[in-house]
Amino acid sequence: MPNDNDVPRPYSSIVVDGVEQAPSRAMLYPTGFKPEDFKKAQIGIASTWSMVTPCNMHINTLADAAAMGADEAGAKSVLFNTITVSDGISMGTPGMRYSLVSREVIADSIETVVGAQGFDGFVAIGGCDKNMPACAIAMARLDRPSVFVYGGTILPGEQKRDIVSVFEAVGGHAAGTVSDLELKEVESTAIPGPGSCGGMYTANTMASAIEALGLSLPNSSAQNAVGDAKRQDSYQAGAAVAELVQRGMKPSDMLSLEAFENAITISIALEGSTNAILHLLAIAHAAGIPLSLDDFTRIGQRVPVLADMRPAGQYTMSELIEIGGIQPLMKMLLNEGLLHGDCLTVTGKTLAENLAPVADYPADQKIIRSFADPIKKDSHLVILRGNLAPDGAVGKITGHEGLTFTGRARCFHGEEAAMQAIMAGDVQKGDVVVLRYEGPRGGPGMREMLSPTSAINGRGLSQDVAMLTDGRFSGGSRGFVIGHVTPEAALGGPIALIENGDTISIDAEAREIKLHVSDAELESRRAAWQAPEPYTRRGILAKYAQQVSSASEGAVTDKYLD
């Protein structure tokens, strides 16, 4: 019966070795197993391929390359799929409630398949906002030899357009500055092919953060979706997992508090998405690392914003790739003492060892600033607290919007009501748009507010209107936007007690968000407040709402087990 003690097979041996496991082997022969394969380490290839979205439509070819890499390294690959959903397609609709929920479903499904089938290691390939952190969460939970592969960024459309260009054109159309014909032209040319949204939105932010965690091969985060470099990265990932199995190296060897500090640092330097906070907290929770909102403030005080990337800036990920990707930036940060170079990575080497041969950026490039001339001297990811958000809120303050805002509250129960008012021109200069009951539990699912922010920007109000929500913002959102307000409205948090006309002030430098209402008045409003009926009492959204933790804890669904 199959048995080879020279090949580490700590999990697959339980499934396929011995007389009693003959039924297991019988089931595997028709899937392509040969007798000699039962003596090899089994490497799962977790593919998020689907035709649901261009972000993932090419990942089947990357999965095939990863399988080939594992097989040619002497292991036995086994391909399997999990779901994905598209934020860009579901944005602004009830379907967006499923987006953050899908992160948990994907992580659960990868954990389930790898655990049930007894894979000794696995490659996880993701290419969209939620399946990427989901892959990392599964890697941390399972703690088996594994490598993450990023599906790669999309090439820009005509005139450097991307999905955010389309959302903003909708706002321009409502304002009368974009014609029907112009809107049609923008929507038909913005997305030219496969890959994740092209700015430093959530996908590219999380790819960079996961690489900084040490969970992907060097430069995996900075490759176009289409091309030999990405296929080679996938092939090498399969081979790398086979090597990690031989060496007994697991994610817990890479995932330390210092590794998460590296991920936070690179997210700040790249002017990345606020979603990085939510997802890094969730990955840390899965890894058992005590990461908190305060860590983002602590690190943000010493790390500058250096990348002039969309949406606040002007360059795309494909342009950053042309000058070397994020590796030269990481080397700059390391040399400045802002990265922990001794953190181990999936190459088997430390971060410093990986970066040693990396060349500097070309002298004439304009995408990455020097430390002497940063875009912002400290983090754009600002954690705010105050009587409106006692457990914290997350601001994306790049400096383009200013550092303070004071205005009058315009309150809306849900995104649809706010969007209707914005499109109708009812939101005016000086308003603080309060979008509530969109939190992890109240939404449920903590929808992203890209449609409202894009509509405001399209109407030319980005400098004159602030937005506040217990929901999230897309990596493509820009303007004076504050999300992740906790406690959320559905739990009776202060955001539920705001009334139209109340004065709200936001101070990014003092990291304070304040509702200018007396404590006595707030107590009176709290006594009169009643929780609304839940969105649904059946199905996955209802289960999620019952189990999900606060956004300040990463909106995870197993926190209640602690």
Side-chain angles (χ1 to χ4, degrees), residues 47-63 65 84-92 125-132 149-173 178-208 219-234 270 273 307-323 325-326 367 448 450-451 454 457-458 474-478:
S47 170
T48 55
W49 171 84
S50 76
M51 293 303 288
V52 167
T53 166
C55 305
N56 293 65
M57 63 186 285
H58 63 301
I59 283 179
N60 57 328
T61 63
L62 304 184
T84 198
V85 301
S86 171
D87 291 1
I89 296 171
S90 63
M91 195 75 70
I125 310 174
C128 204
D129 293 8
K130 305 309 174 296
N131 60 50
M132 297 167 64
V149 173
Y150 176 40
T153 188
I154 195 171
L155 294 172
E158 293 181 14
Q159 301 179 39
K160 288 175 61 173
R161 289 174 180 146
D162 58 20
I163 187 63
V164 176
S165 307
V166 188
F167 279 100
E168 294 190 354
V170 171
H173 186 269
V178 175
S179 69
D180 291 347
L181 187 63
E182 288 169 329
L183 178 59
K184 182 67 175 178
E185 196 266 335
V186 171
E187 76 172 68
S188 62
T189 61
I191 314 293
S196 300
C197 298
M200 193 48 63
Y201 310 144
T202 301
N204 283 319
T205 300
M206 287 312 302
S208 303
N219 221 36
S220 181
S221 67
Q223 293 166 335
N224 292 317
V226 178
D228 291 337
K230 182 45 65 183
R231 285 192 295 271
Q232 187 64 23
D233 177 51
S234 304
L270 288 168
S273 166
D308 187 14
M309 301 284 287
R310 290 172 64 91
Q314 56 183 314
Y315 295 101
T316 64
M317 191 65 174
S318 61
E319 291 172 296
L320 181 60
I321 291 167
E322 289 176 3
I323 65 167
I326 74 164
I367 303 175
E448 291 180 347
L450 180 57
S451 293
S454 297
N457 292 332
S474 162
S477 291
R478 60 186 176 94

Going from CD on Gln223 to OG on Ser234, what distance comes out if it is rounded to the nearest 0.5 angstrom? 8.0 Å

CD1 (Ile125) and CE (Met132) are apart, to the nearest 0.5 Å, by 12.0 Å

How far apart are the closest heavy atoms of Pro311 and Met200, and which atoms are they? CD-O, 4.2 Å

Do Tyr150 and Asn204 have side-chain N/O donor and acceptor atoms under 3.5 Å apart? yes

Are the charged groups of Glu319 and Arg310 less than 4.0 angstrom apart, N to O? no

From Trp49 atom CH2 to Asn60 atom CG, the distance as rounded to the nearest 0.5 Å: 6.0 Å

Could you go through the side-chain contact (heavy atoms from CB on, under 4.5 Å) check for Met309 and Gln314 one step at a time? CA-CA 5 Å; Met309 301 284 287; Gln314 56 183 314; over 6 Å; no

Between Ser221 and Ile326, which heavy-atom pair has the shortest distance, and what is it? OG-CD1, 3.3 Å

So do the side chains of His173 and Glu182 get within less than 4.5 Å of each other, counting heavy atoms only? no

So, taking the atom named CZ in Arg231 and the one named CG in Asp228, what distance separates them when rounded to the nearest 0.5 Å? 4.5 Å

Salt-bridge criterion met for Arg161 and Glu168 (N-O under 4.0 Å): no

Are side-chain heavy atoms of Val226 and His58 found at a separation under 4.5 Å? no

Checking Pro192, Ser196, Cys55, Pro194 against Ile154 for side chain to side chain contact (heavy atoms under 4.5 Å, CB included), the one that qualifies is Pro192

Rounded to the nearest 0.5 Å, what separation is found between the NZ atom of Lys230 and the CD1 atom of Ile59? 9.5 Å

What I'd like to find out is whether the side chain of Ile191 reaches to under 4.5 Å of the side chain of Ile163, using heavy atoms alone. yes

Exercise: identify the closest heavy-atom pair between Thr84 and Asn131: OG1-ND2, 2.7 Å

Less than 4.5 Å apart, side chain to side chain, heavy atoms only: is that true for Glu448 and Asp87? yes

Can you confirm whether the side chains of Asn224 and Ser318 place a donor and an acceptor under 3.5 Å from each other? no

Supply the atom-to-atom distance Glu322 CD to Thr316 OG1, rounded to the nearest 0.5 angstrom. 7.5 Å

For the student: nearest non-hydrogen atoms of Ser220 and Asp233, plus distance: OG-OD2, 2.8 Å

Decide side chain to side chain donor-acceptor pair (under 3.5 Å) for Thr202 and Ser273; before the verdict, give the C-alpha distance in whole Å, the side-chain angles of both, and the deciding distance to 0.1 Å. CA-CA 5 Å; Thr202 301; Ser273 166; 2.9 Å; yes

Take Ser50 and Asn56 through the test side chain to side chain donor-acceptor pair (under 3.5 Å) and record every step on the way to the result. CA-CA 6 Å; Ser50 76; Asn56 293 65; 5.8 Å; no

Do Ile367 and Ile323 touch side chain to side chain, with heavy atoms closer than 4.5 Å? yes

If I compare all heavy atoms of Gly313 with all of Asp308, which pair ends up nearest, and what's the gap? CA-OD1, 3.1 Å

For a 4.5 angstrom cut-off between non-hydrogen side-chain atoms, does Leu320 reach Met317? yes

Any donor-acceptor N or O pair under 3.5 Å, side chains Tyr201, Asp129: no

